[in-house]
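Here's the structure we're looking at; comments come further down.
The figures here come from the full heavy-atom set of this structure, side chains too, leaving out hydrogens, waters and symmetry mates. Computed from a predicted structure; not experimentally measured.
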Amino acid sequence: MKYNFNEIEAKWQKIWADRQTFKAKNNSDKPKYYVLDMFPYPSGAGLHVGHPLGYIASDIYARYKRHKGFNVLHPQGYDSFGLPAEQYAIQTGQHPALTTEDNIKTYRRQLDQIGFSFDWSREVRTSDPKYYKWTQWIFSLLFESWYNEDTDRAEDIKDLIAIFQAEGNGKVDAACDDDIEHFTAEEWAAFSSEKQQKILLKYRLTYLAETEVNWVPALGTVLANDEIVNGVSERGGHPVVKKKMTQWSMRISAYAERLLQGLETIDWPDPLKEMQRNWIGKSVGASVSFNVIPTEQSDEESYKIEVFTTRPDTIFGASYMTLAPEHELVEKITTAEQKEAVDAYVEATSKRSERDRMADVKTITGVFTGAYAEHPFTKNPIPVWIGDYVLAGYGTGAVMSVPCGDDRDYAFAKHFGIDIPNIFEGVDISEEAFADKDNAIIANSDFIDGMNYKKATKRIIFELEQMGQGEGKTNYRLRDAVFSRQRYWGEPFPVYYKNGLPQIIDLKYLPLQLPEVEKYLPTETGEPPLGNATVWAWDSKSNEVVDNEKIDNKTVFPLELNTMPGWAGSSQYFNRYMDPHNDDEIFSKEAIDYWEQVDLYIGGSEHATGHLLYARFWQKFMFDKGLVPHDEFAKKLINQGMILGTSAFAYRKEGENTFISKALIENETIQPIHADVSLVNASDELDIEGFKKWRPEFAEAEFICEADGSFKVHREAEKMSKSKYNVVNPDDIIERYGADSLRLYEMFLGPLEQYKPWNTAGITGVHSFLKKLWKLYYDDNGLKVSEDEPTKDNLKTLHKTIKKFEEDIDDFSFNTSVSTFMIAVNEFTAQKCSSKAILEPFLILISPYAPHIAEELWESLGHSTSISEADFPVFDESYLVESTKNYPISFNGKMRFTMELALDLSKEDIEAAVLAHEKTKEQLQGREPKKVIVVPGKIVNIVG
RNA sequence: GCUCAAGUGGCGGAAUUGGUAGACGCGCUGGAUUCAAAAUCCAGUUUCUUCGGAAGUGUGGGUUCGAUUCCCACCUUGAGUACCA
C-alpha cells in the first residue's frame, strides 16, 4: 500500500470536524493549558506559506500537551475589522461585511487543510455584533472609571463623585488631565450638571479631549503613534500631519509604571520586553521651577518656567534655558526687541512637518527671547532661548540647558556662543560635553562639590524641596492612546451627545450596531463616514437607534460618528474565547476562573508596542475591576520569525528594453525588475518565454544570455508580498506534498524565532521522511507491523527519541525535533524494526507534527479512538545507560558522561574511565576529580 | 547616534553548566535498479595534504589541560528607536 497523503489528510480532517475531536470543555479533572495564536486579519489575498508558521508551532505544542494529559484550549478567530475591507468598499461599493465574509471563507478553507487542532466552536470575529457588544461594554466600563494613585488601581467613578461631594478634590491623587482646578465640596455642589460632567471627563480612564493628533489626509483618519513609521503611515506610506481634533483617548499613561513592573513577571522574549520598556520610557529625575526675571512686558505678572531634568546634579552648570517653540510662555516673556525674531522662528518651525524636523536633526536652530530666568541657587540671571530641539510633547516642553553635560546643549551653546561652564572635576570639555554620569565628580557647584551623581542628585532635590522650587519626579514617554478613528469599518462607540457632552448607552441596550451608509468616505463637511448614515440618532426614552430627522436634543440625540481603532477588538479576545457564546456576561466567572490566562501565546514581534501593550493595559484594568484573576493575560510569549520570500530580479539595461543575464553585467547601468518566482528554476534560470507572456511590456524585450543559452536572475530575500511576485501559496505545496510535509518543513526550516527565506526545494527531504515512515508500517503486502518482542537496539532508539523530543519541545526547538524523527526512522529501517511495541508509541511522538499520517497508521494498528487521546510514552532511562550500570559511576556525580555518549561507550571505555578516575583520585589524595571526560575509543581528559 | 540580536561547509542549519565541530536535510559526485526517465536504494561530500597528518566556527587578543561556547577590542549584517532633557 502506498502513502496516499491527499486521501488520508482529507479523511482525517473530516473526521476531526465531524467528531469535534478538539472541542475543549470548561471543566475537567485534567490540568488546563491555554495555547493561543494571534488571530489573523482575513485579507483578500489569502494565506501564503509564511502565515501558518506560528500556527503550526502552537498546534504542535497544543497536541503535545494533550498527549501529556492536559485539557487544552486552542481557539482561533478573526480580527475582522480593518482598513483594507473599507478601502475596497470605497472603491467598489461592496459592503465590508460581505468582503470580510468571503475572505474568512478562504482563510478557513486554507487553515483547515493544514490540519490544525483548533476548537472552532469557540470562533470569534471582532466585527460580529455579538462580539463587539463586549468591546463596547469594556469601553463603557473604562468611561465609568478613574485611576486612584493612592490605591494604585482603577476605581468606580461613583466613588470619585462621593469624594467630591464630601470634601472636594483637594486630597484626590488621580491620574487625570493636568489642567484641573481645585474645588471644595460646596463648590462642587454648586456647579451645574454640565460643569460637573466636564470635570469628571478629565478623570475618566477614557475621555474626550482636544488633542494634537496624527492626521493622515490621504486616509481621512488619525493614527496612533505606533501606526506611524518614519513619519508616514504604516499602511500605505501616506504623509502624516499634526492637527488638533476632539478625540476619545485611553488613559494608558495611568498604567505606565504597572506596565513596566509587570514585564518582570512574565516570560516574554527579552527584545520584546526591551521594546516595551523603551516605549514606556521611564526617566527618573526632578522637576525644577525657575523664576522669570520680570521685564517691562511682563512686570504685572510673575512667570515660572517648569523644567524636567534627569541630571539635577548638574544644575550649577546651567548657563541658559530652552523652551519649545510651542511653549505657552514664549509669547508672554519675549521682549520687544526680540519679538520679531521670535515670531518668525515660531512661524517657521510650525510650518515644518514632523517628518522634516526628524530628518533634519543636525541643523541647530534657535532664537533668544530676550528674557532671563533666575538660577534657584546662585540667583544669577540666565538667558531664556527657544529651540526646536526641545519637544513640546515631552516633560514640560522646557529644559535647563547644561552644555558641559549634554551633547545637544553643548552643540547649541557652541553654535550661539553661549557660556559653557565646566562643573566636572578633571574633565576636559573644550571639544565635547561630558555626559557620562556614572564617572562624574561635581566641581564648581557650591555645596555639592566633590559629590558623585547619586549623592549630588539627592542633595539638590532635598534643597529644592526645602525652597519650594522643585521636587523629585518621574517622567514617562508613554502617551495616552488616541482611540477615535474616522472610519466606517470599526466598532461604533456606545455614546450619544447631549448638549455636546458624551453619554454612555447602558449595557442592556448593547450592541449598538453599525448603521448602513451609502458611501464609505468621509462626508462633504469632513465628518467621519458614519456622518453619511441617515438612521443614526439615539432615542433616550425608548433606548433605540432612530432616524436622524427625529433629533430634538431633548429625548433624541446624535450618536458618536467615530469608530474604535483596530486594537480595541484584539485587546479582549483572548478572554472571550473562554466563554464565547455568553450573551449575558463577557465571560462567566467559572470560565475565567478555570482558564485563568493564556499559558502560551505565539505571534509576531511587530505587535510589541501596539496590540501587546494595549492588551496588557486592558487586562490590568479588568483585573482592577475584579473581572479577571491575573493582571497579565499571557504567561509566556514566543515571537515567531517571518518567512521571507526569495524574490527574483531580472536586470534590465537602463532606458532600454534589453535584459542582461546576471553574470554578464560589467559596468552597464541596470535596473532590477521583479520576475515572478514561478518563472525561475532552482538554478536561478529564467523561463524567458514565460516571462515575455507574463508581462505584455516585456513581450518584445531582448535577452542577452550566457554562453549556454541560459538567462540568470539575481535572488534576494524580501518580505513575501504580491507586489514582489515572490508569494508561495500553501495550497500548491499541500497538493503536491501534503499538509504533513508542509507542517514538518516549516518547522524544519530553522529556529522558530528566526527570520528565514522560503525555499521550496528542501521540502523533498521531509516528504521522503514521511514516505519512509509509512514504509515502516506498510509494504506491498499490506500492514507489516508484528507482535515481535522489540530488540535492545529498537528500545534504545525509541527511548533516545523520546528523551530528545521532550528536551527539544520544552525549549521550543521544533526544528531539531524533526531531525530527531528522521534519525529514528533511519535507525528503525536499518534495524528492520516491525515490533508493534516500538512502532505504536513512536506514532504518538510523531503525531503533533504530522497528525494525519499518525492518525491513519494509528487506526491501522487497530485503534478506534483518535491518537490525540493517547498518552505520551513513558521514557525509561535504563535502555540508554545500561552499559554503565555495573560500574561505580553516577551520572550527576563527579564523573560525567553525557547521555548520548553513554550509548556508544564500549565496556573497555568504561573500564578505562573508571581506572583513570581512581588513579586521579589517588593522585589528588582522596579528593574527587572534577570531571572525567570519556568519548568512544579514548579518555579525553581528567580534570583534577 | 543609542539599544538589542546574530556571524559555523556550496545552502538551511546542529552542537552552551567549556569536552569527538559540521548532527539532520538540501545540493553535488559516484554506483545499483531501468530500454529510458521519474521514484527508490547504497557510498562519498569543511579545506589543504607528500595520505603520516595539518588547519578550521567574522577579525585580533586573553582566560583554560581544553573555547563555536567565557572575557576584551574591532569588523559585518539584521531589528528596534531616534533631538525623551
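- Residues forming a side-chain contact (heavy atoms from CB on, under 4.5 Å) with A:Gln754 (at least two apart in sequence, or on another chain): A:Pro751.
- Residues passing the ring pair (Phe, Tyr, Trp, His ring centres under 6.0 Å) test with A:Tyr3, sequence neighbours excluded: A:Phe5, A:Trp774.
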Identify all pairs in which a protein N or O lies below 3.5 Å from an N or O of nucleotides 39-41 of chain B, and state each distance.
| residue | atom | partner | partner atom | Å |
| --- | --- | --- | --- | --- |
| B:U40 | OP1 | A:Lys771 | NZ | 3.4 |

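- Annotation: ring pair (Phe, Tyr, Trp, His ring centres under 6.0 Å) contacts of A:Phe434 (sequence neighbours excluded): A:Phe424.
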Let's test your reading of the pairing rules: Watson-Crick or G-U wobble, both distances under 3.5 Å, then write RNA chain B as a dot-bracket string with ( ), [ ], | and dots. (((((((..(((......[....)))((((((.......))))))(((....)))..(((((..]....))))))))))))....
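- Evaluation of the side-chain contact (heavy atoms from CB on, under 4.5 Å) rule for A:Asp808 yields A:Lys804, A:Ser813, A:Thr816, A:Ser817, A:Thr820 as partners, not counting sequence neighbours.
- One finds no side-chain N or O of A:Thr820 lying less than 4.0 angstrom from the OP1 or OP2 phosphate oxygen of B:C24.
- The residue A:Asn826 sits close only to the backbone: its heavy atoms come under 4.0 Å of sugar-phosphate atoms, none of a base.
- With ring centers used as reference points, A:His767 lies 6.0 Å or more from A:Tyr745.
- When the nucleotides B:C26, B:A85, B:G80 are ranked by their closest atom to the side chain of A:Ala761, B:C26 comes out on top.
- Contacts classified as salt bridge (charged side-chain N to carboxylate O under 4.0 Å, His left out) and involving residues 752-777 of chain A (residues at least two apart or in different chains) are not found.
- When the salt bridge (charged side-chain N to carboxylate O under 4.0 Å, His left out) test is applied to A:Asp406, the partners found at least two apart in sequence or on another chain are A:Arg408.
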Under 3.5 Å between N/O atoms: give me all the protein pairs with nucleotides 8-13 of chain B, atom names plus distance.
| residue | atom | partner | partner atom | Å |
| --- | --- | --- | --- | --- |
| B:G12 | O2' | A:Leu749 | O | 2.7 |
| B:G13 | OP1 | A:Gln754 | NE2 | 2.6 |

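- With sequence neighbours excluded, no residue forms a salt bridge (charged side-chain N to carboxylate O under 4.0 Å, His left out) with A:Glu432.
- Partners of A:Ala761 according to the side-chain contact (heavy atoms from CB on, under 4.5 Å) rule, which considers only residues two or more places apart in sequence or in another chain, are A:Asn759.
- Applying the ring pair (Phe, Tyr, Trp, His ring centres under 6.0 Å) criterion to A:Phe842, with sequence neighbours excluded, gives A:Phe828.
- Summarising the geometry, the separation between NZ on A:Lys800 and P on B:C24 is reported as 10 Å, rounded to the nearest angstrom.
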